Amino acid sequence: MASIERDLTFPVDGQLLMVLPRAGASINNPDVHLPILRSDGDGYYLEMRVEADTNDAGEVAVIRRVPLEDLTTDEWEELKQQYDSLDLETLAAQGIAKGLEKIQDRKIQRLFMALLTFLNPRQVGIVLYLYKLADEQNNGPVVTFRSNNLLENLGYSRTKGGSFHAKVRSQLNRDLVALHRVELVLAKSLREGNKIGAEVIIKSILRIKSYKIENLSRDFDLAKAADYTYELADSYTVSLEFFEGSSRTGDYVLFAGDVDVTQKLGSNTKNDYRTKLLIYLASRLKWDSPQDGQYLTISKQYLFKNLDLLGSNSSRNNQIFWRTVEELQQEGYILGAQELPGKRKTPSIQFQINPQKLRPSAV
DNA sequence: TGTTCAAGGCTGGACCGTAG
DNA sequence: CTACGGTCCAGCCTTGAACA
């Protein structure tokens, strides 16, 4: 029984899921502040704050930040100068790529890009895939994988020669380095996170422990590849920093082993509502701890915010939302969903989750 | 409220060139 | 030869605005 179960599902850390939608909140989210440069006794940081929304316990405060410890004084001055010349307001309105195109220095451009698009659905897909591998490899939080296998699982196609395109390879290295380099600052006990003076923890999603280059003639530097070039190592060994797995504390959510992390051709990861909804539902399973483990009632306002459905046309937002629910229903994660008549004009949605595809650990 | 239209952002794959 | 680097652009999808 237990082994069958393990074949069909894999555990993803509960604390990570609780914080994931917040940690990856986009620039359009009203709780998100624009990036700032900050220095304190410990060093320099480029950081983005996500403020808590006190009307809902799950909308906790999180800071995501890139430590800039290896910057020279000149680089720090240049970074400050580039930062001052940025029009951060139009960056949100006109798109991130557009907003950053004036920055000449590629490293600075990529730094902002990494922070602004942190934990987008493509990166979340990578994280899910790594938790699945951790379960298969049974080596605790340590996972070893071949880059090409990961690209394959993300649904990318190969060139005529059989390799992957330089741009996708490069994006993968940048994603991995972002998951390694960006630190999350959050309350140690998320459920009490809004209290003043709460103890904080600082963690990355993963740490890259080592990597391999099979063609020895290539000389590869992880940071340089992420900051300046289009390179990718052939394999990586990483350690998942949020990891309870199936250990005795048992704080996790089981995901279906056939979870789809492929990137759809022609589509755009920031519009991957299906992955956002899946993760948000998993997150709410941890926050709400429903007695039956199946029924979740979530206000539409918070659903829309966490799906980044923040456009001005509410009927269109509704269309996209229900289309997304339909997708997860087709995949079997959701057994049913219905809109509950709203108290004071705040309608909510009741979901019935399929415990065979998504199930929290017993509380 | 929902539809239609035009404009434009983001992604990845085609193509081609280059370095080692 | 393979992997990297750059340019171009089609396809998907969203957005704001106008309108029924």
Side-chain angles (χ1 to χ4, degrees), chain A residues 24 26-29 87 89-102 104 106-107 109-110 112-114 116-126 146-148 150-175 177-178 211-236 261-277 300 304-305 307-324 326-327 339 342 345 347:
Chain A
S26 87
I27 197 95
N28 300 314
N29 189 309
D87 186 351
E89 305 294 337
T90 60
L91 189 145
Q94 299 201 22
I96 293 170
K98 193 97 175 196
L100 295 179
E101 77 186 358
K102 281 185 210 147
Q104 294 304 312
R106 179 179 275 179
K107 178 177 179 178
Q109 201 178 57
R110 286 186 175 184
F112 275 95
M113 183 68 92
L116 289 163
T117 65
F118 187 61
L119 281 176
N120 64 18
R122 184 186 55 243
Q123 288 181 8
V124 168
I126 292 171
R146 295 187 58 76
S147 303
N148 282 357
L150 179 45
L151 289 170
E152 189 102 24
N153 274 275
L154 290 171
Y156 293 118
S157 53
R158 292 169 183 266
T159 62
K160 276 177 263 175
S163 59
F164 286 95
H165 288 97
K167 275 194 352 192
V168 227
R169 293 169 54 79
S170 166
Q171 187 60 62
L172 178 56
N173 185 65
R174 274 179 275 162
D175 284 338
V177 170
Y211 51 85
K212 271 189 196 152
I213 299 295
E214 278 155 24
N215 181 351
L216 290 176
S217 72
R218 280 163 63 203
D219 114 64
F220 178 84
D221 179 279
L222 192 67
K224 182 171 140 272
D227 291 337
Y228 292 110
T229 73
Y230 284 75
E231 296 161 288
L232 174 72
D234 295 309
S235 67
Y236 293 81
V261 298
T262 59
Q263 304 298 297
K264 307 293 175 278
L265 178 61
S267 149
N268 178 329
T269 193
K270 94 177 194 193
N271 304 322
D272 181 358
Y273 300 109
R274 174 251 173 220
T275 299
K276 288 183 208 170
L277 180 57
K300 245 177 148 176
F304 280 29
K305 189 166 83 174
L307 293 187
D308 228 33
L309 281 173
L310 300 163
S312 55
N313 188 332
S314 63
S315 84
R316 182 152 52 196
N317 294 341
N318 257 302
Q319 273 181 3
I320 294 172
F321 171 72
W322 286 109
R323 188 188 70 202
T324 308
E326 176 70 21
E327 278 176 60
E339 184 153 349
K345 289 187 182 176

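Throughout, protein chains are lettered first and strands after them, A, B, ... in sequence-line order, and every chain is numbered starting at 1. Being a predicted model, the structure only gives us computed values, none of them experimental. What's counted below: heavy atoms across the whole structure, side chains too, no hydrogens, waters or symmetry copies.
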Phosphate OP1/OP2 of B:dT3: any A:Gln319 side-chain N/O under 4.0 Å: yes
First of A:Arg158 and A:Ala97 reached from the 5' end of DNA chain B, by closest nucleotide: A:Ala97
5' precedence on DNA chain B between A:Ile96 and A:Thr159 (nearest-nucleotide basis): A:Ile96
Sugar-phosphate, base or nothing in reach of A:Ser157, heavy atoms under 4.0 Å: sugar-phosphate
Touch class at under 4.0 angstrom, heavy-atom based, for A:Lys98 against every strand present: sugar-phosphate
Side chain of [X], heavy atoms from C-beta onward: which of [options] has the nearest atom to it?
{"X": "A:Arg122", "options": "B:dT3, C:dG6, B:dT11", "result": "B:dT11"}
{"X": "A:Ser315", "options": "B:dG13, C:dC4, B:dG2", "result": "B:dG2"}
{"X": "A:Lys270", "options": "B:dT1, B:dC10, C:dC4", "result": "B:dC10"}
{"X": "A:Arg169", "options": "C:dC4, B:dA14, C:dG6", "result": "C:dC4"}
{"X": "A:His165", "options": "C:dG5, B:dC10, B:dA14", "result": "B:dA14"}

Sequence-aligned protein contact record of nucleotides 9-20 of chain C, with B where the base is within under 4.0 Å of a protein heavy atom and S where only the sugar-phosphate is: --BB-SBB----
Gap between atom OG of A:Ser314 and atom CG of A:Leu309 - 0.5 Å precision: 11.0 Å
Take atom [atom1] of [X] and atom [atom2] of [N], then tell me their distance rounded to the nearest Å.
{"X": "A:Asp227", "N": "C:dG5", "atom1": "CG", "atom2": "P", "value": "13 Å"}
{"X": "A:Tyr228", "N": "C:dC4", "atom1": "OH", "atom2": "P", "value": "19 Å"}
{"X": "A:Glu214", "N": "B:dG20", "atom1": "CD", "atom2": "P", "value": "21 Å"}
{"X": "A:Asn148", "N": "C:dT2", "atom1": "CG", "atom2": "P", "value": "13 Å"}
{"X": "A:Tyr230", "N": "B:dT18", "atom1": "OH", "atom2": "P", "value": "17 Å"}
{"X": "A:Glu231", "N": "B:dT18", "atom1": "CD", "atom2": "P", "value": "19 Å"}
{"X": "A:Asn318", "N": "B:dT3", "atom1": "CG", "atom2": "P", "value": "12 Å"}
{"X": "A:Ile213", "N": "B:dG20", "atom1": "CD1", "atom2": "C1'", "value": "15 Å"}

Salt bridge (charged side-chain N to carboxylate O under 4.0 Å, His left out) contacts in which one or both residues fall within residues 309-322 of chain A, not counting sequence neighbours: none
Cationic tip of A:Arg110 above A:Tyr230 ring, under 6.0 Å, 45° of axis: yes
Lys/Arg-Asp/Glu bridge criterion (N-O < 4.0 Å) met for A:Arg274, A:Glu326: no
Lys/Arg-Asp/Glu bridge criterion (N-O < 4.0 Å) met for A:Glu231, A:Arg169: no
Within 6.0 angstrom of A:Lys102 NZ, more than 12 heavy atoms from elsewhere: no
Test item: side-chain donor near acceptor, A:Tyr236 and A:Asn173, under 3.5 Å: yes
Side chain to side chain donor-acceptor pair (under 3.5 Å), paired with A:Arg122, selected from A:Asp175, A:Asn268, A:Thr117, A:Thr269: A:Asp175
